[in-house]
Undergrad: 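Provided herewith is a single structure, encoded as C-alpha cells, for subsequent inquiry.
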Amino acid sequence: MIHPLRGMKDLTFEDGKLFVHIVTTAIKIAKRYGYSYIETPILEATALFKRSVGDSSDIVSKEMYRFEDKGGNDVCMRPEGTAGVVRAFVHAKLDRQPIKQKFYYYGPMFRYERPQKGRLREFHQFGCESFGEASVYEDFTIITMISQIFHELGIGFNLQINSLGCPTCMPPYKETLVNFLIEIKNDLCEDCNRRIETNPIRVLDCKNQICQSLLVNSTKLINNLCEGCDTDFKKLTKLLDNAGITYKVDTNLVRGLDYYNKTAFEFVSNKIGSQSAIAGGGRYDKLVEFLDGKPTPAVGFAIGIERIMELVQMPEASREGIYLGAMTEDAVEKLFPIATAKRKETKVTVEYNAKGFKSHMKGADKVNARYVVLIGEDELKSGRVWVKDLESKEEKTVKVEVF
RNA sequence: GUGGACGUAGUUCAGUUGGUAGAGCACCUGUUUGUGGCACAGGUUGUCGCGGGUUCGAGCCCCGUCGUCCACCCCA
C-alpha cells in the first residue's frame, strides 16, 4: 500500500464536507465585502518568496519545497498566498489603475516542517488581499470580516493586535532594541541570540521565561510609533471598541513574514493545542513596491483551514433527495429513467441490487434520503411506484408518469 | 532541525512473566417471505505499520525504518 507523504492528508467524507463548508462560508462573506476570486500558480520562482516573505523567516530559509525544474529554473511550491497574489497584481499592471482591488483565494500551501497537530506540510489557507486602500478603516473592515466569518462558522476566538510601525519609526526602534539586546545577550537563550542577527523583533515573542523576564524593561514599539502610525493605531482600537469586537493589544505580537508593517493581528484559539493561530494578517504597504510595482498600500490575512476544522460544527444535515430501489431483478432497469428525470431537480441515490424491502428502508435511511421510492412485483405489473416520505411517514403508490 | 510518547479489525481500544489475537461501536444476516431509526440473536473483518535480529516460539524483547501524536522551533 502506498501511503500519502508525511504531513499530507486526504480529505474524505465528513472532513471533505467540513472543508467545503468552511470555504463556501468564507467566500460568501468575502463577496459581501467586495472581494473577487483570484487563482495564482502553486509553483513560483524562488526569488518571489525570498524578496517578499524574506530571508529572515524560517519559511524561506529552511521550509520551502524548493527544486530546479527541467528547464533549470529555481522554483518553489508556494509556502503562503500573499506573495503570489501581489506578483499577479503587479504582473497584470493593476498597480497602474486607480481602482481599488480586492481578491480572495484559497488553496494548498507547502512548508517542509515537522508535522504536528494543526501543522501539516501541505495545508490550506483561505485568504484575502485588499490593494490601494491606505486608510486604517480598511484594516478595521478586514478584522470585522474575519470575525464575521468565524461567527458564521461558530468559532470562538481571541483577537490580538499590534502595530509594527512604518519605515519612519520602525528602523530607529529596531536599532535601540538591538542595542538593548546586545547588552543582555549573555543571559538570553540560544534562539534569541540567533534572532538578534536575523530578526530582533522576534525576541520579544520568545516563550522562554528567562528571556521574557529580561525583556520586561525593554522599550516597546507601541510607545515609539511615529505620529501617523500612532493615530492610526488609536483609531483602530476605537473602531473595534465601538464595534464591540474584543481584542487584546499584544506588544509582542510580530508577524513572521517580513513584509508586514503598521497593523498586525492574529486570531487565536486556545482549544487546538500549541498551533493556536487560526488566522493572521496585517498591513503590507511596501510589498507591491518590493515586487517592482508602483507604491500601493495593501492589507490582507489568511485563515488556516485545517486549524479551524475541528472547531467548526457542521450544520445538521436534513433529509434530502430520493432513494430508488427495486425488489425484483426485472424492475432494476425501470429505475434509471426515473433517476435521470429526478436528477434535474434533486439528489437521487440508485441501488443497483434488487433486495428486500427492509434492506431498502435501511439503505434509504443511511444515505439520509427524504423519499424512498421502490418498485416491487406488484408495482412492476401495474406500472406504479411506491413512495414514502421518511419525514412525514406518508406513503402512497402512484403511476410512474405522475411521479 | 531538537526532545519525548505511540503504531493491534473499518473505528476506538484491551492483550498478564514471550506460548499462535479479543471487546465496544460500525458492517452483514435474521427475528418481521413489504415498513427505516430501537431491541434481541447470529455472523464477517487482521501482513499486530514495515524490515531485520534474539528465541523452540515474538503483538510483547533488541536494532533499523516509515508514520502518528505532544512539546520546542516556526506559523495559518
Side-chain angles (χ1 to χ4, degrees), chain A residues 1-9 12-14 22 26 53 56-64 78-82 106-127 146 157 189-192 194-195 198-199 202 205-208 253-257 260 264-269 272-282 300-309 311 319 323 325-328 355-372 374-379 386-391 393-395 397:
Chain A
M1 195 174 11
I2 297 172
H3 294 272
L5 292 172
R6 182 167 214 196
M8 315 229 164
K9 265 204 174 109
T12 50
F13 306 111
E14 293 312 306
I22 289 167
V53 179
S56 70
S57 143
D58 276 13
I59 295 175
V60 167
S61 57
K62 50 191 189 198
E63 294 176 359
M64 289 208 292
R78 61 180 184 197
E80 58 97 45
T82 303
Y106 66 93
M109 307 295 161
F110 301 84
R111 294 181 197 172
Y112 197 86
E113 298 183 271
R114 183 102 169 238
Q116 117 185 27
K117 197 182 193 73
R119 191 172 77 183
L120 296 162
R121 287 182 175 178
E122 180 184 13
F123 61 102
H124 297 78
Q125 289 187 334
F126 174 90
I146 301 167
F157 59 80
C189 73
E190 207 177 302
D191 289 324
C192 283
R194 198 192 67 232
R195 290 181 185 119
T198 58
N199 196 349
R202 284 224 79 101
D205 209 17
C206 184
K207 282 167 190 150
N208 188 309
L253 172 66
V254 208
R255 307 269 62 238
L257 288 59
Y260 286 107
F265 56 83
E266 203 159 278
F267 287 73
V268 177
S269 167
I272 53 170
S274 72
Q275 305 303 314
S276 57
I278 53 176
F301 74 90
I303 296 174
I305 298 179
E306 282 85 354
R307 287 206 182 158
I308 62 171
M309 275 184 42
L311 299 172
R319 292 195 172 277
Y323 173 98
M327 288 178 289
T328 158
K355 41 185 194 177
F357 189 87
K358 193 173 177 119
S359 281
H360 281 310
M361 290 304 285
K362 281 188 179 172
D365 195 46
K366 201 155 298 166
V367 297
N368 213 23
R370 173 78 191 267
Y371 299 98
V372 203
L374 299 179
I375 303 180
E377 266 177 54
D378 301 346
E379 289 82 9
W386 176 87
V387 184
K388 176 162 184 170
D389 182 335
L390 288 179
E391 239 161 50
K393 300 177 201 278
E394 285 167 36
E395 50 184 275
T397 307

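Sequence lines set the chain letters: A, B, ... in the order given, protein chains first and strands last, and positions in each chain run from 1.
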Undergrad: Separation of I278(A) atom CD1 from rC74(B) atom C1', in whole Å?
TA: 18 Å

Undergrad: Counting any heavy atom closer than 4.0 Å, what does G81(A) reach on the DNA or RNA strands: base, sugar-phosphate only, or nothing?
TA: nothing

Undergrad: Closest-nucleotide mapping onto RNA chain B: is A279(A) or D378(A) further toward the 5' terminus? I mean the 5' end.
TA: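 Mapping each residue to its closest nucleotide by heavy atoms, the 5'-most match is D378(A).
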
Undergrad: Side-chain N or O of K388(A) versus OP1/OP2 of rG34(B): is the shortest distance under 4.0 Å?
TA: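 No.
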
Undergrad: Ignoring the backbone of K117(A), work out which of rC69(B), rU35(B), rU29(B) is nearest its side chain.
TA: rC69(B)

Undergrad: rA5(B) and rU11(B): how far apart are their P atoms, nearest whole angstrom?
TA: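 Going atom to atom, P in each nucleotide, I get 25 Å.
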
Undergrad: On the nucleotide rC75(B), are OP1 or OP2 found under 4.0 Å from the side-chain N or O atoms that R111(A) carries?
TA: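 No, because none of the side-chain N or O atoms of R111(A) sits under 4.0 Å from OP1 or OP2 of rC75(B).
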
Undergrad: How would you label the contact of K355(A) with the nucleic acid (heavy atoms, under 4.0 Å): base, sugar-phosphate, or nothing?
TA: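 Since no nucleic acid heavy atom lies under 4.0 Å of K355(A), the category is nothing.
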
Undergrad: Would you say rC72(B) has OP1 or OP2 under 4.0 Å from some side-chain N or O of S274(A)?
TA: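 The answer is yes; a side-chain N or O of S274(A) sits under 4.0 Å from OP1 or OP2.
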
Undergrad: Is Q116(A) near enough to rA71(B) that one of its side-chain N or O atoms lies under 4.0 angstrom from OP1 or OP2?
TA: yes

Undergrad: Round to the nearest Å and state the distance from I308(A) atom CD1 to rC75(B) atom C1'.
TA: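 Those two atoms, CD1 and C1', are 16 Å apart.
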
Undergrad: How close do R370(A) and R319(A) get, counting heavy atoms only, and between which atoms?
TA: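 Smallest interatomic distance, heavy atoms only, reads CA-CB, 3.8 Å.
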
Undergrad: How long is the gap from CZ on R114(A) to CZ on R119(A), to the nearest 0.5 Å?
TA: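 So the CZ of R114(A) and the CZ of R119(A) are separated by 9.0 Å.
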
Undergrad: If you assign R121(A) and Q125(A) each to the RNA chain B nucleotide with the nearest heavy atom, which residue ends up on the more 5' nucleotide?
TA: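 By nearest-heavy-atom nucleotide position, the 5'-most residue is R121(A).
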
Undergrad: Closest heavy-atom contact between T328(A) and G376(A)?
TA: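 Distance-wise, the nearest heavy atoms are CG2-C, 3.9 Å.
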
Undergrad: What would the secondary structure line of RNA chain B be in dot-bracket form, counting Watson-Crick and G-U wobble pairs under 3.5 Å, with [ ] for pairs that cross earlier ones and | for pairs with another strand?
TA: (((((((..((((.....[..)))).(((((.......))))).....(((((..]....))))))))))))....

Undergrad: Do F123(A) and the base of rA76(B) stack face to face, with centres under 5.5 Å apart and an angle between planes under 30°?
TA: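 Base of rA76(B): stacked against F123(A).
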
Undergrad: Taking 4.0 Å as the cut-off, does a side-chain nitrogen or oxygen of K366(A) come that near to OP1 or OP2 on rC28(B)?
TA: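 Yes.
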
Undergrad: Among the nucleotides rC75(B), rC74(B), rU68(B), which one has an atom lying closest to any side-chain atom of D58(A)?
TA: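 Out of rC75(B), rC74(B), rU68(B), the nucleotide with an atom closest to D58(A)'s side chain is rC74(B).
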
Undergrad: Figure out the CD1/C1' separation between I272(A) and rC75(B), and round it to whole Å.
TA: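 These atoms are roughly 11 Å apart.
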
Undergrad: rG36(B), OP1 or OP2 - any side-chain N/O from K358(A) closer than 4.0 Å?
TA: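 The answer is yes; a side-chain N or O of K358(A) sits under 4.0 Å from OP1 or OP2.
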
Undergrad: Give me the distance, rounded to whole Å, that separates rC60(B) from rC48(B) when you measure between the C1' atoms they each carry.
TA: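 These two C1' atoms come out 10 Å apart once rounded.
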
Undergrad: What is the nucleic acid contact for E63(A), judged by heavy atoms within less than 4.0 Å: base, sugar-phosphate only, or nothing?
TA: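 Touches sugar-phosphate only.
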
Undergrad: Donor-acceptor pair, R307(A) side chain versus I278(A) backbone, under 3.5 Å?
TA: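 Side chain of R307(A) to backbone of I278(A), a donor-acceptor pair under 3.5 Å: no, none is there.
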
Undergrad: rA76(B) C1' sits how many Å from F157(A) CZ, rounded?
TA: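 Distance check: F157(A) CZ to rA76(B) C1' gives 15 Å.
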
Undergrad: Which value, in whole Å, describes the distance between the C1' atoms of nucleotides rG30(B) and rC66(B)?
TA: 44 Å

Undergrad: Would you mind telling me which of rG36(B), rC75(B), rU35(B) lies closest to the side-chain atoms of R307(A)?
TA: rC75(B)

Undergrad: Would you name the heavy atoms of D365(A) and L390(A) that are closest together and state the gap between them?
TA: N-CD1, 4.4 Å

Undergrad: Using a 4.0 Å heavy-atom cut-off, does G363(A) contact any base of the nucleic acid, only the sugar-phosphate backbone, or nothing at all?
TA: nothing

Undergrad: Check the orientation of Y106(A) and F126(A). Use parallel for under 30°, tilted for 30 to 60°, and perpendicular for over 60°.
TA: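 Judged by the thresholds at 30° and 60°, the geometry between Y106(A) and F126(A) is parallel.
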
Undergrad: Mind calculating the distance between CG (L253(A)) and P (rA76(B)) to the nearest angstrom?
TA: 10 Å

Undergrad: Answer yes or no: side-chain N or O of R114(A) and base N or O of rA71(B) forming a donor-acceptor pair under 3.5 Å.
TA: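 For R114(A), whose side chain was compared with the base of rA71(B), there is no donor-acceptor pair (under 3.5 Å).
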
Undergrad: So, does R111(A) use its side chain to make a donor-acceptor pair with the main chain of P79(A) at under 3.5 Å?
TA: yes

Undergrad: If I pick the P atom on rC13(B) and the same atom on rU17(B), what distance separates them, to the nearest angstrom?
TA: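 Between the two P atoms, the distance is 22 Å.
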
Undergrad: Distance check, P atoms only: rG36(B) and rG22(B), in whole angstrom units.
TA: 35 Å

Undergrad: Considering only heavy atoms and no angle criterion, is a donor-acceptor pair shorter than 3.5 Å present between the side chain of E379(A) and the base of rG34(B)?
TA: yes

Undergrad: So how far is it from M309(A) CE to H124(A) NE2, rounded to the nearest 0.5 Å?
TA: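 The distance works out to 10.0 Å.
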
Undergrad: If I take atom CZ in residue R119(A) and atom P in nucleotide rG1(B), what distance separates them, rounded to the nearest angstrom?
TA: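 In whole Å, rG1(B) P lies 11 Å from R119(A) CZ.
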
Undergrad: Provide the distance between the two P atoms, one in rA9(B) and one in rG4(B), to the nearest whole Å.
TA: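 That atom pair is separated by 27 Å.
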
Undergrad: For I303(A), report the nucleic acid contact type (base, sugar-phosphate, nothing); a contact means any heavy atom under 4.0 Å.
TA: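 Nothing, no nucleic acid heavy atom in range.
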
Undergrad: Taking only the C1' atom of each, what is the distance from rA21(B) to rU8(B) in whole angstrom?
TA: 8 Å

Undergrad: Provide the distance between the two C1' atoms, one in rU54(B) and one in rC61(B), to the nearest whole Å.
TA: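 Each nucleotide's C1' atom is 8 Å from the other's.
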
Undergrad: Can you check whether L120(A) reaches K9(A) side chain to side chain, under 4.5 Å on heavy atoms?
TA: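 Yes - at least one pair of side-chain heavy atoms lies under 4.5 Å apart.
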
Undergrad: Can you check the Y112(A) OH to rC75(B) C1' distance for me, whole Å?
TA: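 For the pair Y112(A) OH and rC75(B) C1', the rounded distance is 18 Å.
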
Undergrad: Closest to the R6(A) side chain: rC72(B), rG67(B), rU35(B)?
TA: rG67(B)

Undergrad: Tell me the interatomic distance from M109(A), atom CE, to rC75(B), atom C1', rounded to whole angstroms.
TA: 13 Å

Undergrad: Rounded to the nearest 0.5 Å, what separation is found between the CD atom of Q275(A) and the CD atom of E113(A)?
TA: 7.5 Å

Undergrad: Applying a 4.0 Å non-hydrogen cut-off, can you work out what A364(A) is touching in the nucleic acid: base, sugar-phosphate, or nothing?
TA: nothing

